[in-house]
Amino acid sequence: MNALNFIDGVFVDAVDGKTLANVNPATGQEIGTIARSKKADVEVAVQAAMRSRKDWASRSMLERADWLDRIADGLERRKEEIAQRESRDTGKPLTLARRVDAQRSIDNFRFFADFARQQEPEVFEMADATNIVHRNPIGVVGLITPWNLPLYLLSWKVAPALLMGNTIVAKPSEMTPLTAALMCEVASEIGLPSGVINVVHGYGPEVGQAILEHPSIGAISFTGGTATGRHVAATAAPLFKKLSLELGGKNATIVLDDADLDEAVSGAVRAGFTNGGQVCLCGSRILVHQSIADEFTQRLVVAVDAMVCGPPEDASTQIGALISIEHLEKVESYIELGVEEGGTILTGGTREMTGPVIATNAGAFLRPTIIDGLDHTSRTSTEEIFGPIVTVHRFDSDEEAIEMANSTEYGLAGSIWSTNIDRAHALAQQIETGIIWVNTWLHRDLRTPFGGVKNSGVGREGGNWSLGFFSEPLNVCIKHSQE
Ligand code: TXE
């Protein structure tokens, strides 16, 4: 299955015909080619987006909301195919791709369509004048997204961007093009006006860079690593492009002494190892109160030991392949670093699979791993690993837990486990982060702000935050007549 660019409503090769290979990380097999786009392709895409911009902006937000529903309907009809493609592209368990990636991609379009219908006019009355705030489109916007939740994160940007009257030039990760291509197929099937959605595939420094630099692209919404985010900001900021940056994380799972241990253990496992730890919201640092640490850690090891690491297509698989052998080797280098820094591996750290399945060297498989005994300021405990690795740390007081939780350059998410809600809520407000879950994890109300502080990014997505980012407010102040 090849991934072509989708420009002006048609599927086309890169202008120079170049392609790159797409590999299934669970088998190491090439599963197709991807258009290797460059600056010339971005130019064609931006021209198409410019041509369709006025007509798309001239439609009402409610009409555009109906188009989002049509896209959601189209994705719904092909939900199983989304999951199959996502699992093949990423190596993630098929069950996860169904439950999370496919479902949330559909939900993203439906949510913003419904959210549009709930919008009230923004009017501010004065004694002698009325202010009416209009939310105008930016024009052509650039969307650049990562490989860990490909369509989930792309649709999270496409839906509000279109709703607010923009046309888009999107670049999915070069490692995971297939579901972006499916979204384009749906756009074509439903007859979305040509040029509204344009997708160019390829390497970040080539086609991504061209998007950042294009003078007709007025805003960049980026989700990816902090290092790349820093480069995106350095390139786009001097061009005064509006910027949204959703970057890395190194989130804390904080288990207080009054936590329900069963809940906390299963919550910590889910937060630590969902998608093989390849979610920026994952709880990769587990902070547990000294008084329950031994009991908690023992139960955690038993639970993680029992996790099924195997072929993505098996219904029992909980940990599939990581995104690539290169990423697997990067993650393994952190396990070695953890031992060098004085850590003890309580479980995992090896490439074997669970049960009768024979590990093939071609698959990027790694067992979920727990490292204990590290200082919370060690590199292993503070740098983003983005794999199935958690470190465990003990604290004696809520104050110490707060200091430990805040001791990284990131601030994206986290969770607190306690039967005392007031205590958890008070503690949550002292964590430098964007989201704190109490006695749960990855429980999402799409109206709420999503995003981080410090090196986890700039800006928020979700609900009004997305509508705000993808529009330019115009305030019209009308003086009341004298009589
Ligand atoms: O990111 P990259 P990846 C982060 C997480 C993880 C990383 C993994 O921290 O480390 O993303 O995803 C394009 N100019 N999050 O490796 O390399 C690249 O082609 C323009 C956090 O994909 O940053 C891809 O499409 N574009 C996040 C996209 O940037 C460039 C959730 C991201 O690539 C480019 C998911 C360049 N010079 C992952 N170089 C969150 N906070 O929600 C690369 N790209």
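Order of appearance sets the numbers: ligands from 1, and atoms from 1 within every ligand. What you see is a predicted model; the values in this text were computed from it and never measured.
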Requested in this report: Using non-hydrogen atoms of the residue, decide whether Leu247 is closer than 4.0 angstrom to ligand 1.
Outcome: yes

Report task. Give the atoms of ligand 1, by number and element, whose distance to some non-hydrogen atom of Trp147 is under 4.0 Å. Result -> 3 (P), 8 (C), 12 (O), 16 (O), 22 (O)

**Report entry** Under 4.0 Å to a heavy atom of Gln209 - the qualifying atoms of ligand 1, by number
**Finding:** 14 (N), 20 (C), 37 (N)

Report summary line: min-distance protein heavy atom vs atom 43 (C) of ligand 1 -> Thr228 CG2, 3.5 Å

Query raised in the report: Which residue, Asn108, Ile106, Asp101, forms the side-chain contact (heavy atoms from CB on, under 4.5 Å) with Arg104?
Result: Asn108

Query raised in the report: Between Glu189 and Arg78, is there a side-chain N and carboxylate O pair less than 4.0 Å apart?
Result: yes

Query raised in the report: Does a side chain donor of either Asn455 or Glu409 reach within less than 3.5 Å of an acceptor in the other side chain?
Result: yes

Query raised in the report: Considering only protein heavy atoms, which is closest to atom 31 (C) of ligand 1, and at what distance to one decimal place?
Result: Cys280 SG, 3.2 Å

Query raised in the report: Among all protein non-hydrogen atoms, which one is nearest to atom 44 (N) of ligand 1, and what is the separation to 0.1 Å?
Result: Gly204 CA, 3.4 Å

Query raised in the report: For ligand 1, which atoms have a heavy atom of Glu384 less than 4.0 angstrom away?
Result: 5 (C), 6 (C), 9 (O), 10 (O)

Requested in this report: Only one of Thr253, Asn251, Leu281 passes side-chain contact (heavy atoms from CB on, under 4.5 Å) with Trp441; say which it is.
Outcome: Leu281

Report summary line: Note: heavy atom closest to atom 6 (C) of ligand 1, options Phe450, Phe386, Tyr152, belongs to Phe386

Query raised in the report: Looking at atom 20 (C) of ligand 1, what's its closest protein heavy atom, distance included?
Result: Gly208 C, 3.3 Å

Query raised in the report: Would a search of protein heavy atoms around atom 33 (O) of ligand 1 find one under 4.0 Å away?
Result: no

Query raised in the report: If you look only at pairs with a residue in residues 370-392, which of them pass as a salt bridge (Lys or Arg N to Asp or Glu O under 4.0 Å), with sequence neighbours excluded?
Result: Asp372-Arg394, Arg379-Glu383

Report task. Distance to 0.1 Å, residue and atom name: give those for the protein heavy atom nearest to atom 35 (C) of ligand 1. Result -> Asn148 OD1, 2.9 Å

Query - Distance from atom 37 (N) of ligand 1 to nearest protein heavy atom, with residue and atom - result: His231 CD2, 3.3 Å

Query raised in the report: How are the rings of Phe6 and Phe11 set relative to one another: parallel (under 30°), tilted (30 to 60°) or perpendicular (over 60°)?
Result: tilted

Query raised in the report: Which pairs, with at least one residue in residues 82-106 and sequence neighbours excluded, count as a ring-ring contact (aromatic ring centres under 6.0 Å, His included)?
Result: none

Query raised in the report: Which residue supplies the protein heavy atom nearest to atom 25 (O) of ligand 1, what is that atom called, and how far is it?
Result: Thr145 O, 2.7 Å

Query raised in the report: Does the pair Arg98/Glu81 count as a salt bridge with the N-to-O cut at 4.0 Å?
Result: no

Query raised in the report: Would Pro172 count as a contact of ligand 1 if the rule is a heavy atom under 4.0 Å away?
Result: yes

**Report entry** Closest to atom 4 (C) of ligand 1 (judged by heavy-atom distance), picking from Gly457, Gly224, Pro177, Ser173
**Finding:** Gly224

**Report entry** Glu174: numbered ligand 1 atoms lying under 4.0 Å from its heavy atoms
**Finding:** 18 (C), 19 (O)

**Report entry** Per-atom contacts of ligand 1 with Gly248, taking only distances under 4.0 Å to non-hydrogen atoms
**Finding:** 9 (O)

Requested in this report: Number the atoms of ligand 1 from 1 as they appear, then name those within less than 4.0 Å of a heavy atom of Gly225, with their elements.
Outcome: 1 (O), 2 (P), 4 (C), 7 (C), 9 (O), 11 (O), 23 (O)

Query - Pair Glu472 + Arg135, salt bridge at N-O below 4.0 Å - result: no

Query - Min N/O separation Tyr203 to ligand 1 under 3.5 Å - result: no

Requested in this report: Would you mind telling me if ligand 1 is within reach of the side chain of Met175, the backbone, both or neither, using heavy atoms under 4.0 Å?
Outcome: neither

Query raised in the report: Between Lys18 and Asp13, is there a side-chain N and carboxylate O pair less than 4.0 Å apart?
Result: no

Requested in this report: Could you tell me the residue and atom name of the protein heavy atom closest to atom 13 (C) of ligand 1, and the distance to it rounded to 0.1 Å?
Outcome: Ile144 CG2, 3.7 Å

Query raised in the report: Hey, does the Lys NZ or Arg CZ of Arg351 hover above the aromatic six-ring of Phe365, less than 6.0 Å from the centre and inside 45° of the axis?
Result: no

Requested in this report: Start with the C-alpha distance between Trp147 and Phe386, add both sets of side-chain angles, then the distance that settles ring pair (Phe, Tyr, Trp, His ring centres under 6.0 Å), and finish with yes or no.
Outcome: CA-CA 12 Å; Trp147 50 253; Phe386 219 59; 5.4 Å; yes

Query raised in the report: What orientation do Phe112 and Trp156 show, parallel under 30°, tilted 30 to 60°, or perpendicular over 60°?
Result: tilted

Query raised in the report: What atoms of ligand 1 come within less than 4.0 Å of a heavy atom belonging to Leu212?
Result: 14 (N), 20 (C)

